Participant: 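Below is one structure. I have some questions about it.
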Amino acid sequence: PPLHPWAGTMGKGGGGHGGLNILPQKSWNVYGPAQRQRVRDAEEKAAAEEAAEEAARHDARRESNLVALRERASKRRRDDDDELE
């Protein structure tokens, strides 16, 4: 005789629940299609936000470099003008 009433179902695909499978009905089921779609949507949104942030950082870096180059060119022009006088 089995030690427990459910001992006979273990290892036979029953999982010890006697064939009752309510997981698909649960809202927190991580394997459900709605949850998987929610995760995909969240990942796409995060990727889009990261791309936008990277583009903004790139634009800021480019603008900073452009300002520095203009300042350097302006300083050189002033220095050249001073040498000519």
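Note that this is a predicted model, so its numbers are computed, not measured.
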Participant: Under the side-chain hydrogen bond (donor to acceptor under 3.5 Å, both in side chains) test, which residues partner Asn65, sequence neighbours left out?
Facilitator: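 side-chain hydrogen bond (donor to acceptor under 3.5 Å, both in side chains) list for Asn65, sorted by chain: empty.
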
Participant: Could you list the residues that satisfy side-chain contact (heavy atoms from CB on, under 4.5 Å) with Glu43, not counting sequence neighbours?
Facilitator: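 Here the qualifying residues are Val39.
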
Participant: Taking CZ in Arg40 as the centre, count heavy atoms belonging to other residues, nucleotides or ligands within less than 6.0 Å. Is the count above 12?
Facilitator: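 Result for CZ/Arg40: enclosed.
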
Participant: Using distance only, find each side-chain donor-acceptor pair of residues 22-34 under 3.5 Å and give its atom names and separation, not counting sequence neighbours.
Facilitator:
{"residue": "Asn29", "atom": "OD1", "partner": "Tyr31", "partner atom": "N", "Å": "3.0"}
{"residue": "Asn29", "atom": "ND2", "partner": "Leu23", "partner atom": "O", "Å": "3.4"}

Participant: Should Arg62 and Asp59 count as an ion pair when the cut-off is N to O under 4.0 Å?
Facilitator: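 Answer for the salt bridge query: yes.
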
Participant: Testing the 3.5 Å rule here: is there a donor-acceptor pair between the side chains of Ser74 and Arg70?
Facilitator: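 Absent: no donor and acceptor within the cut-off.
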
